[in-house]
Amino acid sequence: MKWKEQLLSLTPYQPGKSIEEVKKQYGLAEITKLASNENPFGCSQAASDAMQKDLSYYALYPDGYAQELRDTLSSFLKVKPSQLIFGNGSDEIILMIARALLSPGTNTITSAPTFPQYKHNAIVEGAEIREAPLKNGGFDLDKMLELIDENTSVVWICTPNNPTGVYIPEKDLIAFIEKVSEDVLVVIDEAYCEYTTAEDYHDSVKLVERFPNVIALRTFSKIYGLASLRIGYGIANEKIIRGLEPVREPFNANRFAQAAAIAAVGDQSFIENCKEANRKGLEQFYTFCKNRDLKYYPSQANFILIDFAADADEVFQYLLEKGYIVRSGKALGFSEAVRVTIGSEQQNAGVISAMEQYLKVQNARN
């Protein structure tokens, strides 16, 4: 087979272990998964009910233009329907951008470590990847500016950043975009934006209105609790959306996802409750870290990265055998840390207790 040469060194995305897999492997009756930043409270009841209404969904193709969902989000966000694009998760929109704008001879800029799909898709398209190391867990925008040249096509910004949870203050983000040439697309991946509580977090709709080269990506997989349905969207000016539409797969947003997303947008009280529970959950981990003198990044997302000053895989394995699936930092660029999704109050207390046990074992060994 005449594979693209760059694919030969790539590995597929490695998801965290599934609950079923861990139960079977370790003979555990109960597992708490805190590895993939899913919503521990599920989704809105309204979203769940919406998927039960029409059994004809199974046999019919979805609306390829997602008109009803488009109109719903247009009204909610106060943007034109033509300023939206939908994907099979926001991951697919990342793929669309890479396919539309990256090729051999171009380069793309981001910071690292961050969400790996920016780099992965750039490699697939044969583009050069330039990465500025993170600064205090956040994107180093000054270093990124230094990397941009006449061959730069796309700049990726993740705020809050995955896996650190650190965000970019609005004034810093605006100052950065003002210095980027208008022929370079600035992608602001804000998958966790609904969780943010920082007063100076940006308003992406205003950024899109002000800057013709900005697209903001969002998802229904996180706070909306619809991860299994795979639906995300992008917000940009109409010219950018028109440029991306030809590479969008037909019928890429399924009927169930569209119906659930429409209902979910209409239940903002659920979102606010989840946001508040997440804030309280973060405080549980902050208290634990401070009491144990563990380094961590203050997070604006629904996860926390904790440095145990120990082999990340060892911490992961210990917690796994106690029934808690977290994410080893080794795969994320942090060899001595684990990333933990914020769960319910009870789930947080449980994994913190297991972490306390690990620290006692570690101290006894040392």
Side-chain angles (χ1 to χ4, degrees), residues 13 15-21 23 31-77 79 81 83-96 189-195 216-235 245 248-278 301-303 325 341-344 347:
Y13 177 78
K17 286 181 176 289
S18 70
I19 291 174
E20 294 75 15
E21 180 184 359
K23 280 184 177 180
I31 299 294
T32 302
K33 185 184 177 190
L34 300 172
S36 300
N37 306 335
E38 297 143 328
N39 189 335
F41 307 106
C43 67
S44 160
Q45 186 61 49
S48 182
D49 291 344
M51 289 184 284
Q52 312 300 322
K53 288 183 178 179
D54 191 347
L55 296 182
S56 66
Y57 283 0
Y58 291 108
L60 302 177
Y61 284 110
D63 174 4
Y65 193 61
Q67 187 67 64
E68 188 176 356
L69 175 57
R70 185 180 299 274
D71 290 342
T72 298
L73 270 178
S74 169
S75 176
F76 178 69
L77 298 170
V79 298
Q83 288 183 264
L84 297 168
I85 189 167
F86 296 93
N88 184 35
S90 56
D91 291 9
E92 190 193 17
I93 306 177
I94 293 170
L95 184 152
M96 291 181 208
D189 186 348
E190 46 183 39
Y192 302 93
C193 65
E194 292 91 355
Y195 282 111
L217 307 185
R218 294 184 179 180
T219 182
F220 284 94
S221 295
K222 303 306 178 184
I223 202 167
Y224 283 97
L226 300 177
S228 69
L229 296 179
R230 310 304 300 126
I231 186 159
Y233 62 99
I235 314 164
E245 279 289 351
R248 181 178 63 82
E249 292 289 335
F251 310 116
N252 62 330
N254 71 76
R255 274 181 171 264
F256 292 100
Q258 291 185 40
I262 291 165
V265 170
D267 188 1
Q268 289 300 307
S269 62
F270 174 80
I271 302 304
E272 288 302 316
N273 290 338
C274 291
K275 180 177 180 177
E276 176 61 17
N278 185 74
N302 70 330
F303 56 82
I325 309 174
T341 302
I342 308 304
S344 66
Q347 290 171 336

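- Rounded to the nearest 0.5 Å, atoms CD (Gln347) and NZ (Lys33) are 12.5 Å apart.
- Val79 has its side chain within reach of Leu84: a pair of non-hydrogen atoms, C-beta onward, lies under 4.5 Å apart.
- Counting heavy atoms from C-beta on, the side chains of Leu34 and Ile325 never come closer than 4.5 Å.
- Separation of atoms CD1 (Ile19) and OG1 (Thr32) is listed at 7.5 Å; rounding is to 0.5 Å.
- The minimum heavy-atom distance linking Ile231 with Ala253 is given by the pair CD1-CB, 4.0 Å.
- Using cut-offs of 30° and 60° on the angle between ring planes, the pair Tyr192 and Phe303 is perpendicular.
- Contact record, Gly225 with Asn39: CA-CB, 4.0 Å, taken as the closest heavy-atom pair.
- Side chain to side chain, Glu92 and Asn252 meet the donor-acceptor criterion of an N or O pair below 3.5 Å.
- Atom SG of Cys43 and atom CG of Asp267 lie 9.5 Å apart (nearest 0.5 Å).
- At least one donor-acceptor pair under 3.5 Å links the side chain of Gln258 to the backbone N or O of Asp63.
- Minimum interatomic distance between Lys222 and Ala191 (heavy atoms only, all atoms of both residues): CG-O, 3.7 Å.
- Heavy atoms from other residues, nucleotides or ligands lying under 6.0 Å from CD of Glu68 number 12 at most.
- Atoms CG and CG, from Asp189 and Leu217 in turn, are 5.0 Å apart once rounded to the nearest 0.5 Å.
- For the atom pair OG of Ser44 and CD1 of Ile223, the computed distance is 12.0 Å after rounding to the nearest 0.5 Å.
- When every heavy atom of Ala263 is checked against every heavy atom of Ala46, the shortest pair comes out as CB-O, 3.4 Å.
- The shortest distance between side-chain heavy atoms of Leu73 and Phe86 falls below 4.5 Å.
- Counting only distance, with no hydrogens or angles, the side chain of Ser36 and the backbone of Glu38 share no donor-acceptor pair below 3.5 Å.
- Within the 3.5 Å criterion, the main-chain N or O of Leu229 finds a donor-acceptor partner in the side chain of Asn254.
- What you find for Ala50 and Ala259 is that their closest heavy atoms are CB-O, 3.6 Å.
- Checked by atom type and distance alone, the side chain of Asn278 never pairs as donor or acceptor with a backbone atom of Cys274 at under 3.5 Å.
- Arg255 contributes a side-chain N or O that, together with a main-chain N or O of Tyr61, makes up a donor-acceptor pair within less than 3.5 Å.
- Ring centroids of Phe220 and Tyr233 are separated by less than 6.0 Å, placing the two rings close together.
- Among residues two or more places apart in sequence or in another chain, the salt bridge (charged side-chain N to carboxylate O under 4.0 Å, His left out) test is passed with Glu245 by Arg248.
- For the pair Tyr224 and Glu194, the minimum side-chain heavy-atom distance is below 4.5 Å.
- Of the N and O atoms on the side chains of Arg218 and Ser90, not one donor lies less than 3.5 Å from an acceptor on the other residue.
- Looking at heavy atoms from C-beta onward, Ile93 lies in side-chain contact with Met96 at the 4.5 angstrom threshold.
- Stacking of Arg70 on the aromatic ring of Tyr65 is recorded, both the 6.0 Å distance cut-off and the 45° axial limit being met.
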**Item:** Residue pair Asp91, Arg230: steps toward the side chain to side chain contact (heavy atoms under 4.5 Å, CB included) verdict
**Value:** CA-CA 9 Å; Asp91 291 9; Arg230 310 304 300 126; 3.8 Å; yes
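- With contacts defined as side-chain heavy-atom distances shorter than 4.5 Å, the pair Ser269/Glu272 does not qualify.
- The distance from atom CG of Leu69 to atom CZ of Phe76, rounded to the nearest 0.5 Å, is 12.0 Å.
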